[in-house]
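These notes concern the structure reproduced below.
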Number of protein chains: 2
Amino acid sequence: MASCDKSSKVDVRDLFNALGDNTRRTIMDLLAEHDEMTVKQLSEHFPDLVRSGISKHLMQLRKLNLVYSIKRGREQIYRINPEVVSNVLRPWVKKYEKYWDDTLIRLKQAAESSKRDHDE
Amino acid sequence: MASCDKSSKVDVRDLFNALGDNTRRTIMDLLAEHDEMTVKQLSEHFPDLVRSGISKHLMQLRKLNLVYSIKRGREQIYRINPEVVSNVLRPWVKKYEKYWDDTLIRLKQAAESSKRDHDE
DNA sequence: TCCATGCGTTACTAAACGGTAACCAATTAC
DNA sequence: GTAATTGGTTACCGTTTAGTAACGCATGGA
């Protein structure tokens, strides 16, 4: 629960502003891979950063509702807010899907045409 | 042709660094929508920016091989580099596809279970 | 030829941003 | 009880960066 229900406020601008930083994007990628992680676990993936740095990035991600957290003992468990990914990232990606479709089609056509005749 | 063949150098870091800026992401979105545009056409979508600003962003996008340009008369035609979108954006997106799949499944399950029993 | 148009490029400045250090509160282990 | 762990918060600093202004350079039309 918590701040997971304000996902309607997130726009594509916030999303990419967050993803524009390498550390934050890696945090998101790690959360996408492991489903849930503590700050400690996350910070172990960033040996060049002190933990407060990670915490600050998580603060931002939380404010933008890209992630949410629940408390368990003295640990804080972070998870990706799936609504945001589904409602913001997915529609944006749709605009670019034609490019990999086109690329596939083009590569296929090129492969086929080079099989038949390779005049050029 | 031109600088379209160096797409192997682009990584996800460069991509999101570029997309992190609102102007650059909008430029990419416009190019994705219109296939090809001149600098003039692009700058008409940014009434708050002078043309040199757009040009600077395009310079960046070109250096990162996210777009390429060809000259036609005194105009410069810009297009998205489809290889980059296909080779960099697509693999990254794959990590997050499960979220909208999960969301769909979860919404479907919720709808079904609330049909049967809605005991909070 | 002369002027307007379309772009690129270079300093420059003001603002934003990432990272650190230091401190705090809450929880767990001893 | 005390000490250690976990992580949030704030102030601060150095760097980056977006946008502008001003210039140059072609191309196209008169």
Side-chain angles (χ1 to χ4, degrees), chain A residues 2-4 11-31 34 36-81, chain B residues 2-3 11-31 34 36-80:
Chain A
S3 58
C4 184
D11 59 0
V12 68
R13 182 175 191 151
D14 292 332
L15 176 64
F16 280 98
N17 184 30
L19 258 34
D21 177 67
N22 208 46
T23 302
R24 281 194 299 269
R25 199 193 57 259
T26 307
I27 288 176
M28 293 292 284
D29 289 350
L30 285 168
L31 290 177
H34 296 88
E36 61 173 42
M37 295 180 79
T38 66
V39 181
K40 182 90 184 335
Q41 289 175 319
L42 283 169
S43 60
E44 283 167 355
H45 286 83
F46 300 92
D48 298 339
L49 271 67
V50 299
R51 214 179 42 249
S52 66
I54 307 290
S55 188
K56 225 174 67 168
H57 283 302
L58 287 171
M59 233 166 71
Q60 274 189 260
L61 294 174
R62 243 187 307 142
K63 262 181 194 153
L64 297 174
N65 292 308
L66 302 186
V67 304
Y68 66 96
S69 65
I70 54 172
K71 221 180 159 181
R72 191 164 64 195
R74 62 180 162 185
E75 291 178 332
Q76 201 81 16
I77 314 288
Y78 278 86
R79 295 182 129 268
I80 282 185
N81 181 351
Chain B
S3 57
D11 59 358
V12 68
R13 181 174 193 151
D14 292 333
L15 177 64
F16 281 99
N17 183 32
L19 258 34
D21 177 67
N22 206 47
T23 302
R24 279 194 300 269
R25 199 194 56 259
T26 307
I27 288 176
M28 292 292 285
D29 288 351
L30 286 167
L31 289 178
H34 295 87
E36 61 172 44
M37 295 181 80
T38 67
V39 180
K40 182 92 185 334
Q41 289 175 320
L42 283 168
S43 61
E44 283 167 355
H45 286 83
F46 301 91
D48 298 338
L49 271 65
V50 299
R51 210 186 49 249
S52 67
I54 307 291
S55 188
K56 226 174 67 168
H57 283 302
L58 287 171
M59 233 166 71
Q60 273 189 260
L61 294 174
R62 242 187 308 140
K63 263 180 192 151
L64 297 174
N65 293 309
L66 302 185
V67 303
Y68 66 95
S69 66
I70 53 172
K71 220 178 161 184
R72 190 163 62 195
R74 61 181 163 185
E75 290 178 334
Q76 201 81 16
I77 314 288
Y78 278 87
R79 295 182 130 268
I80 283 185

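Note on naming: letters A, B, ... go to the chains in the order of the sequence lines (proteins, then strands), and numbering restarts at 1 for each one.
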Atom-pair distance ([atom1] on [X]; [atom2] on [N]), nearest Å:
X: K63(B); N: dG8(C); atom1: NZ; atom2: P; value: 12 Å
X: K40(A); N: dT28(C); atom1: NZ; atom2: C1'; value: 14 Å
X: L49(B); N: dC7(C); atom1: CG; atom2: P; value: 16 Å
X: E44(A); N: dT6(D); atom1: CD; atom2: C1'; value: 12 Å
X: L58(A); N: dG19(C); atom1: CG; atom2: P; value: 12 Å
X: L61(A); N: dG8(D); atom1: CG; atom2: C1'; value: 15 Å
X: M59(A); N: dG18(C); atom1: CE; atom2: P; value: 12 Å
X: Q60(A); N: dT9(D); atom1: CD; atom2: C1'; value: 14 Å

Classify the nucleic acid contact of [X] as base, sugar-phosphate or nothing, counting any heavy atom under 4.0 Å across all strands shown.
X: G53(A); value: base
X: Q41(B); value: nothing
X: Y78(A); value: sugar-phosphate
X: R72(B); value: nothing
X: S43(A); value: nothing

Counting only side-chain N and O atoms of [X], is one of them less than 4.0 Å from OP1 or OP2 of [N]?
X: R24(B); N: dA18(D); answer: yes
X: H57(A); N: dC17(C); answer: no
X: S52(B); N: dC7(C); answer: no
X: T23(A); N: dG19(C); answer: yes

Heavy-atom side-chain proximity of [X] to [Y] below 4.5 angstrom:
X: T26(A); Y: F46(A); value: yes
X: L58(A); Y: L42(A); value: yes
X: L64(A); Y: L15(A); value: no

**Report entry** Per S55(B) side chain, nearest of listed nucleotides dA26(C), dG8(D), dC7(C)
**Finding:** dC7(C)
Query raised in the report: Hey, what do you get for OG1 (T23(A)) to CD (Q60(A)), rounding to the nearest 0.5 Å?
Result: 10.5 Å
Query raised in the report: Just by distance, do the side chain of S43(A) and the backbone of V39(A) share a donor-acceptor pair under 3.5 Å?
Result: yes
Report task. Examine the base of dG19(D) for any acceptor or donor lying under 3.5 Å from a partner atom in the side chain of K56(B), and report the outcome as yes or no. Result -> yes
Requested in this report: Please confirm whether any donor atom in the side chain of R74(B) sits under 3.5 Å from an acceptor in the base of dT27(D), or the reverse.
Outcome: yes
